[in-house]
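What follows is a single structure, written as structure tokens, with notes after it.
Proteins get letters first, then strands, A, B, ... in listed order; numbering begins at 1 in each. Computed from a predicted model, the values in this text were never measured in an experiment.
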Amino acid sequence: MAEPLPKGYEPQNVESRWRGVWEDSGVFTPDPNAPGEPFSIVIPPPNVTGALHMGHALNITLIDALCRHARQKGKNTLWIPGTDHAGIATQNVVERALAGEGKTRRDLGRDAFVERVWAWKEEYGNRILDQIRALGASVDWSRLRFTMDDRLSAAVRKVFTQLYNEGLIYKGTYIINWCARCHTALADDEVEHEQRKGMLWRVRYHLADGSGAIVVATTRPETIPGDTAVCVHPEDERYQSLIGKTALVPVLGRQIPIIADAYVDREFGTGALKVTPCHDHNDWALGKKHCLQFIQVIDENGRMTQESGPYAGLDKNACRERIVKDIEAAGNLLDVSDMEHAVGHCYRCHTVVEPHVSEQWFVAATKLAPAAREAVPELTRIFPESWIKTWNHWLDNIRDWCISRQIWWGHRIPAWTCAACGRLAVAEETPSACPACGSGDLVQDEDVLDTWFSSALWPFSTMGWPEKTADLERWYPTSVLVTGFDILFFWVARMMMMGLHFMGQVPFRHVYLHALVRDAEGRKMSKSTGNVIDPLAMADKYGCDALRFTLASFAAMGRDVRLSEERIEGYRHFVNKLWNAARFALIHLEQMPPAVDLGAARGLHNQWLLHRLETVKTGMDAAFTEYRFNDAAQLSYKFLWNEFCDWYLELVKPDLQSDDAERTGTAKFVLWTALRELLVLLHPIMPFVTAEIWRCLPTPAGEVSDLARELWPEARPACVRETEADDMDFVREVIVAVRTIKAELNIAPSQKASLLVHPLDSGQAALLETGREMILTLARLESLRMEKRLNAPKASASAVVRGCQIIMPLRGSVDLAGELARLGKELDKVEKDIMASNKKLHNESFITRAPEQVVERERGHAAALRDAREKLLALKNRFSEALAEDVK
RNA sequence: GGGCAGUUAGCUCAGUUGGUGGAGCAUCGCCCUUACAAGGCGGGGGCCACAAGUUCAAGUCUUGUACUGCCCACCA
């Protein structure tokens with residue numbers, strides 16, 4: 001049943017009501033046995049510590065649009081929501097809270113601390129879910145997952161165990177990235193490199209035999225106590241005699257060899273490199289290669305170890321000052337210069353990362369990467385394709401992935417060491433006894449796994465793996481992964497490796513990488529910069545649909561999104577426009593209008609609108625399918641505002657007032673159909689306002705239905721009518737011409753003028769007759785006369801539309817000079833176009849080499865222009881005469 | 001040092017197969033025409049960064065240059 005809509009659109013009430021309706025109805029909870037092609041997406045799980053930011057909002061909006069569109073296309077659609085435990089981030093949050101109470105996690109002990117984190121998660125970890133809900137995400141809440149759910153944790157243990165047994169997970173002592181603040185190892189890609197100003201010290205190392213010295217350059221003098229070699233390029237002439245000799249470490253006086261390796265850059269510094277295998281990734285490699293000593297001089301807290309001799313116990317920064325002073329005092333500091341170099345920082349807390357040697361667990365990513373690389377683009381397509389190169393490059397240069405973290409919050413590594421025999425046991429379930437010696441004295445590894453380890457399993461762990469579930473059967477692989485490109489490697493690549501290894505299939509058919517949302521200046525939004533635009537505040541202020549439409553319209557592939565509040569405000573107007581258009585329509589659609597054969601509908605405006613509707617329908621369908629969200633937004637925007645509202649609603653008003661029942665009936669049914677289908681088209685981007693209007697639209701059977709269940713409208717081939725649409729365009733152009741005359745001559749729009757037209761041919765004459773009423777109404781004229789000869793008062797304003805002369809006699813005090821200027825301007829425009837056209841047509845190559853179609857079109861174009869020029873000239877001349885007479 | 005984007009109206013951005021450039025906001029003029037002033041109608045405003053090349057034809061394809069941004073990288 002139709003009911004009147006409230007005067008203004010109030011998003012808040014409408015949105016909250018529909019959220020409730022959809023959740024209660026189970027419309028987003030699919031049955032794996034239901035028919036329809038499967039379509040599935042797993043949400044990029046936000047951190048439980050997170051608050052919704054614009055990046056999430058963009059991600060959710062785009063995924064939701066895809067899912068809603070998929071349902072409209074009859075697909076059996078699943079969108080799995082969930083959150084990530086975010087190991088380091090969450091532990092940091094809780095530790096901060098503890099610090100407020102003057103405690104550390106060690107004061108609580110491991111079990112109590114983990115319990116505390118769980119409590120925190122239960123209390124605050126759902127905020128982000130509520131925020132996702134607020135955006136209208138059509139996720140299936142019955143399948144909500146958390147990376148530390150029992151089932152997902154079991155999946156993690158199974159994966160770990162299997163990879164260990166396959167030799168793809170191993171434990172070893174290596175140099176890793178160490179964050180002294182988070183007190184844990186970090187993976188290579190968790191280190192952010194930033195250019196920092198630093199200094200380069202040149203230090204003299206004396207030779208042990210007293211025969212001279214070699215000068216090295218270093219940015220980190222505090223690591224000097226850990227030096228175990230000096231390295232030069234094997235072909236460096238300066239140092240040939242020194243290779244193989246022994247140098248002395250400054251201050252400490254320890255003897256170290258001078259070795260040669262082609263790794264050294266002769267151009268940099270002095271061409272001589274001090275090698276500190278325990279405190280630099282490259283030096284580590286050199287140390288391994290040349291069998292050097294490994295001396296650790298900085299501990300995991302950033303303090304100097306006993307090995308550092310006189311500096312033991314100092315903070316590494318204090319050590320730097322002291323050792324530089326000492327070296328200088330000994331006369332071995334040659335100079336200090338400024339230099340910029342990249343310094344690694346922890347991606348979580350931004351502390352400077354220290355290369356650190358320790359025993360850690362690794363995934364043999366080097367062995368898993370090739371399959372992931374090969375999967376693209378044959379098995380998985382990446383959009384936009386420009387990312388494929390980056391993908392390949394990263395996977396080709398991958399190093400093994402350090403997965404152990406020295407924190408407490410996360411999946412504890414399922415490995416136990418036997419206190420009796422020292423053997424390592426890895427198992428999915430806690431073993432009761434050592435498999436080797438039978439001892440019950442087993443100690444579990446203290447470390448937890450990198451958060452991304454569990455995220456890597458997300459596409460199948462959320463569907464119930466390792467059990468053979470109906471969900472997996474139905475929805476794995478997922479259809480598309482939608483995420484920001486910033487986690488292409490953290491997450492996407494690792495899901496690909498794990499998915500291929502454990503499922504034997506890629507985890508997703510497509511990867512759509514969307515932009516990062518930036519502020520109006522193009523900066524990354526961040527709390528520290530203070531340039532964050534809060535999506536929920538925007539949704540609250542302008543409505544969720546306006547926010548979503550803005551994000552969709554900004555989401556052009558391969559570009560960053562620069563968000564501004566003004567743009568959101570602009571699209572709120574669009575939402576309002578839709579609302580008001582619907583209000584108007586509903587006034588005339590109290591009852592369901594009887595069906596009419598639309599393919600045979602009368603009325604040029606009806607045919608035109610139905611034709612346009614077909615075009616927009618196909619265009620938007622393709623846009624959604626190809627992830628061109630901005631195109632979908634733009635198509636619908638222009639159609640609704642510039643065609644449906646600006647033209648059709650105005651054109652249909654007389655029909656609705658008419659006594660002619662057939663005419664009124666056709667109008668109502670076309671109006672009903674167009675609005676109804678438009679709502680379906682817009683629904684993926686603007687679910688709330690469209691659902692609300694839909695509810696109010698009358699239905700054939702009279703029952704209320706939910707737009708979220710409605711299918712995408714069928715194509716209506718009989719309504720595709722290029723000719724009629726073009727005819728309507730002609731009528732519209734005539735109307736615009738009259739309006740322009742009035743506006744430019746400052747004739748009040750309300751002044752009912754009369755119009756003379758002089759059509760080009762009988763076809764135009766017929767069209768003008770057909771469009772007579774529309775022209776009279778929309779151009780606000782009192783009469784329209786058609787004449788074979790120009791027979792108008794000379795004092796007329798005029799224009800030419802497609803060769804049809806349009807003359808509006810002027811009366812009263814009008815700006816005659818203004819009309820002359822106006823005609824002059826029109827003529828100039830035509831002149832210019834003629835020149836351009838002639839240039840082409842007089843070009844022999846164009847005539848002979850361009851396709852005939854193009855040439856023919858150009859000829860027609862030129863002819864029309866010449867015709868227009870003649871007619872404009874004639875009109876202008878007549879007018880000039882009139883003006884002259886007037887002056888007399 | 002590599003790689004990838006971008007450079008279009010005052011601002012923020014579209015522009016799918018090469019065929020005489022669009023939107024929103026801003027701006028100017030007129031209008032409260034009963035869906036909408038969060039509106040209607042009309043206008044102004046662009047050598048599409050620069051330079052070569054391919055082509056009958058280039059915002060669109062190729063190369064180079066400049067600037068901006070991002071990613072990767074072991075120059076101590």
Which residues share a side-chain hydrogen bond (donor to acceptor under 3.5 Å, both in side chains) with [X], sequence neighbours left out:
X	value
A:Trp491	none
A:Arg238	A:Asp236
A:Asp335	A:Arg202

Less than 4.0 angstrom between a side-chain N/O of [X] and OP1 or OP2 of [N], yes or no?
X	N	answer
A:His573	B:G24	no
A:Lys638	B:G22	no
A:Arg583	B:A35	no
A:Lys274	B:A76	no

On the six-membered ring of A:Tyr9, is A:Lys577 placed so that its NZ or CZ lies under 6.0 angstrom from the centre and within 45° of the ring axis? no
For the residue pair A:Arg739 and A:Trp647, would you count it as a cation-pi contact if the rule is NZ or CZ under 6.0 angstrom from the ring centre and within 45 degrees of the ring axis? yes
Heavy atoms only, 4.0 Å cut-off, all strands: where does [X] land among base, sugar-phosphate and nothing?
X	result
A:Glu267	nothing
A:Ile847	nothing
A:Tyr571	nothing
A:Arg780	base

Atom [atom1] of [X] and atom [atom2] of [N]: how far apart are they, to the nearest Å?
X	N	atom1	atom2	result
A:Phe549	B:A23	CZ	P	15 Å
A:Asp631	B:A23	CG	C1'	12 Å
A:Glu858	B:G19	CD	P	13 Å
A:Tyr542	B:C25	OH	P	13 Å

Output side-chain donor-acceptor pairs under 3.5 Å for residues 634-641 of chain A, partner residues at least two apart or in another chain, one line each.
residue	atom	partner	partner atom	Å
A:Ser636	OG	A:Ala632	O	3.1
A:Ser636	OG	A:Ala633	O	2.9

A:Phe688: which residues meet the ring pair (Phe, Tyr, Trp, His ring centres under 6.0 Å) condition with it, sequence neighbours left out? A:Trp22
By ring pair (Phe, Tyr, Trp, His ring centres under 6.0 Å), A:Trp672 pairs with (sequence neighbours left out) A:Phe669
For [N] and [M], measure between their [atom1] atoms and round to the nearest Å.
N	M	atom1	answer
B:U62	B:C72	P	26 Å
B:A58	B:A51	P	14 Å
B:G59	B:U12	P	23 Å
B:G64	B:G42	P	47 Å
B:G43	B:U54	P	41 Å
B:C13	B:G6	C1'	12 Å
B:A14	B:U7	P	7 Å
B:A9	B:A23	P	14 Å

With Watson-Crick and G-U wobble geometry limited to distances under 3.5 Å, how should the secondary structure of RNA chain B be encoded in dot-bracket form, using | for bases paired to another strand and [ ] for crossing pairs? (((((((..((((.....[..)))).(((((.......))))).....(((((..]....))))))))))))....
Test salt bridge (charged side-chain N to carboxylate O under 4.0 Å, His left out) applied to A:Glu565 - qualifying residues, sequence neighbours left out: A:Lys541
Out of B:A35, B:G3, B:G19, which nucleotide sits closest to the side chain of A:Pro851? B:G19
Compute the centroid of each ring, for A:Phe383 and then for A:Tyr512, and state whether the two points are separated by less than 6.0 Å. no
Protein proximity profile, nucleotides 40-48 of chain B - base contact B, sugar-phosphate-only contact S, no contact -, cut-off 4.0 Å on heavy atoms: SSSS-----
Answer yes when A:Glu590 and A:Lys668 have at least one side-chain N-carboxylate O distance shorter than 4.0 Å, and no when they do not. no
